[in-house]
Amino acid sequence: MQLADRVNRISISPTAAVLAAAERYRAQGVDLADFGPGEPDFPTPDHIKRAAIRALDENRTKYTPTAGIGPLREAICRWHAAQFGSSYTVPECVVTVGGKHAIFNAFCSLLGAGDEVLIPAPYWVSYPDMVMYTGATPVPVMTDPSDGFRLRAEQVARAITPRTKLLIVNSPSNPSGAVVPPDEFARIYEVCRAKNIWLMTDECYSHFLYGKEKPFSLASLPGTKPNIIVAGSLSKTFAMTGWRVGYALAPEPLISAMIKLQSQSTSNATSIAQYAALEALTGPMDTVAVMLAEYARRRDRIVAGLRAIPGVTCTEPGGAFYAFPSVAAHLGNGVADTTALAKQLLERQHLVVVPGDAFGTPGYIRISYATSIDRIEEGLRRLEKFFAMAESAT
Ligand code: PLP
C-alpha cells in the first residue's frame with residue numbers, strides 16, 4: 001500500500017511494542033514482574049472521579065469549545081501560577097488530548113523541512129518521531145551519565161546550528177529521572193534566547209521530585225514567555241493517564257495556530273474529562289503528596305537493589321518514576337544490545353524492562369518503579385538471577 005511519506009517516516013512507539021509483547025504473556029496467565037509501566041499504579045483520586053460522574057449526570061456530554069471549556073483554561077493558568085509563579089492568561093492556553101497532543105500540535109504548528117530540533121538524550125521515545133513527522137530533523141544532544149544525565153547549557157550551545165529551531169527539555173526526565181537545576185535551566189534558556197531558538201519545556205513529571213528541589217517551571221523566570229512553550233499534563237500528577245487531558249501554554253499566536261489545527265482534527269478534549277481536570281486543578285492536592293511519599297520509598301529500594309547486582313551501575317534519579325541503570329557490562333556473549341536483553345528477560349524470566357536503545361542510549365534499561373515494593377523485590381530477584389545464569393553460562 002502506498003502510504004504518505006510523513007507516516008512512513010515514523011515508527012510505532014518502541015515502548016508500546018515492549019508492552020504489547022508483555023501483554024501477550026499476561027493474557028496467557030503468566031506471572032510477570034513488570035518494570036514497564038509509564039504510568040502511576042495509583043487510581044485517579046475519588047474527588048476527581050466524582051466530578052466526572054457529576055458532569056455526566058448534568059449531561060455535559062456535548063462538544064465544548066475547541067480550546068477547552070473556559071473555566072478549565074482559567075484553572076490551568078491559575079494552577080500553573082500558584083504552583084510555579086508563571087503569569088499566563090486564557091488566550092495563551094489550550095486544553096489538549098494529553099500532553100503528547102500538546103507537543104505534537106506545537107511541533108506541527110512550528111516545524112517543517114530544513115528545521116533542526118535539539119533533543120537531549122536519553123529522550124522520551126516520541127520526540128524524534130514527532131519531529132520527523134513534521135519533516136524537520138531531530139538532533140540528539142548526548143548528556144553525561146557521570147553527571148546524572150543532567151542537560152548542561154554548554155552541551156546545548158555546542159549542538160546549535162543556523163537551522164536549529166527548537167530545543168525540548170524534559171525535567172524530571174523520562175527515562176533517566178534527571179532533574180535540570182533551576183540555575184542551569186536559566187542558562188540553557190539564555191543560550192536559546194540569544195539565538196532566537198524556541199525552548200519547549202515538557203513538564204509532564206514536574207511534581208515527581210525526591211530531593212530538596214521544589215517543582216520548577218522555566219515560565220516562572222521573568223521575560224521567558226515569548227520564547228518558551230510549556231507542555232503540561234494531568235496524566236501523571238493526578239494519576240489520570242486514561243482521561244487524556246493536557247495543555248499548552250505559549251504566546252497567543254502559537255496557541256491560536258494550535259487551536260486552528262485542533263479544530264480541524266481532534267476538536268475538543270473529552271467534555272467529561274475536562275470537568276474532571278477542572279476538579280483536579282482546583283480541588284485538594286493531598287493525594288499527590290501521598291503518592292510521592294510512596295514513590296520515594298520505592299525509588300530508594302530499587303536503586304539500592306540495582307546497585308547490589310554485579311555489573312549494574314545506577315545513578316540516583318532525582319525525579320519521575322524511573323531508574324535508568326547501565327547493564328553494558330552484561331552485553332556481548334549472545335546478547336547484542338538492550339533490545340535483545342529485554343526480549344530475553346521477558347522470555348526467560350518473565351520480567352518486563354524497556355531497552356535503552358529506544359531512548360537513544362544503548363547499554364541502559366529503563367526500570368519503572370510505578371509498582372508495589374513486593375513486585376520490585378520480585379523483579380530485582382529475576383534480574384539478578386538472569387545475569388547470574390548468563391555469567392555462569394560463559
Ligand atoms: N512527556 C513525557 C516525557 C512522557 O513520558 C509522557 C508520557 O509518558 C508524555 C509527555 C505524555 O503524556 P500524556 O499524553 O499522557 O499527557
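For clarity, every value in this text was computed on a predicted model and none was experimentally measured. Numbers here simply count residues along the sequence, with the first being 1. Read the numbers this way: they start at 1 and go in the same order the structure lists the ligands and their atoms. FYI, side chains are in, hydrogens and waters are out, and symmetry mates aren't considered; it's all heavy atoms of this structure.
Separation of the Y295 and Y210 ring centroids does not fall under the 6.0 Å cut-off.
Annotation: S233 places an N or O atom under 3.5 Å from an N or O atom of ligand 1; distance criterion only. In terms of polar-atom proximity, defined here as any N/O pair under 3.5 Å, G99 does make such a contact with ligand 1. Of the polar atoms of D202, at least one N or O is found under 3.5 Å from an N or O of ligand 1, judged by distance alone.
Looking at atom 4 (C) of ligand 1, its nearest protein heavy atom turns out to be W124 CE2, 3.5 Å. The nearest heavy-atom contact from the protein to atom 5 (O) of ligand 1 is N174 ND2, 2.8 Å. Regarding atom 8 (O) of ligand 1, its nearest protein heavy-atom neighbour is K236 NZ, 2.7 Å.
Side-chain N/O atoms of S146 and D144 include a donor and acceptor closer than 3.5 Å. Between S235 and E39, the side chains place no donor N or O within less than 3.5 Å of an acceptor N or O (distance only, hydrogens not considered).
Relative orientation of the Y205 and Y322 rings is perpendicular, given thresholds of 30° and 60° on the angle between their planes.
Numbered from 1 in the order shown, with element, the atoms of ligand 1 that lie under 4.0 Å from a heavy atom of G98 read 14 (O), 16 (O). In summary, the atoms of ligand 1 found under 4.0 Å from a heavy atom of N170, numbered by their order in the structure, are 3 (C). For ligand 1, the atoms sitting less than 4.0 Å from at least one non-hydrogen atom of Y127 are 3 (C), numbered in the order shown with element in parentheses. Atom numbering of ligand 1 starts at 1 in the shown order; those under 4.0 Å from a heavy atom of S235 are 13 (P), 15 (O), 16 (O).
Ranked by closest heavy atom to atom 14 (O) of ligand 1, the top entry among R244, H101, E203 is R244.
None of Y369, F208, F35 except one satisfies the ring-ring contact (aromatic ring centres under 6.0 Å, His included) rule with F321; the exception is F208. With respect to V131, the side-chain contact (heavy atoms from CB on, under 4.5 Å) criterion is satisfied by exactly one of T137, I119, I103: I119.
Nearest approach of G68 to R73, heavy atoms of both residues: O-CD, 3.7 Å.
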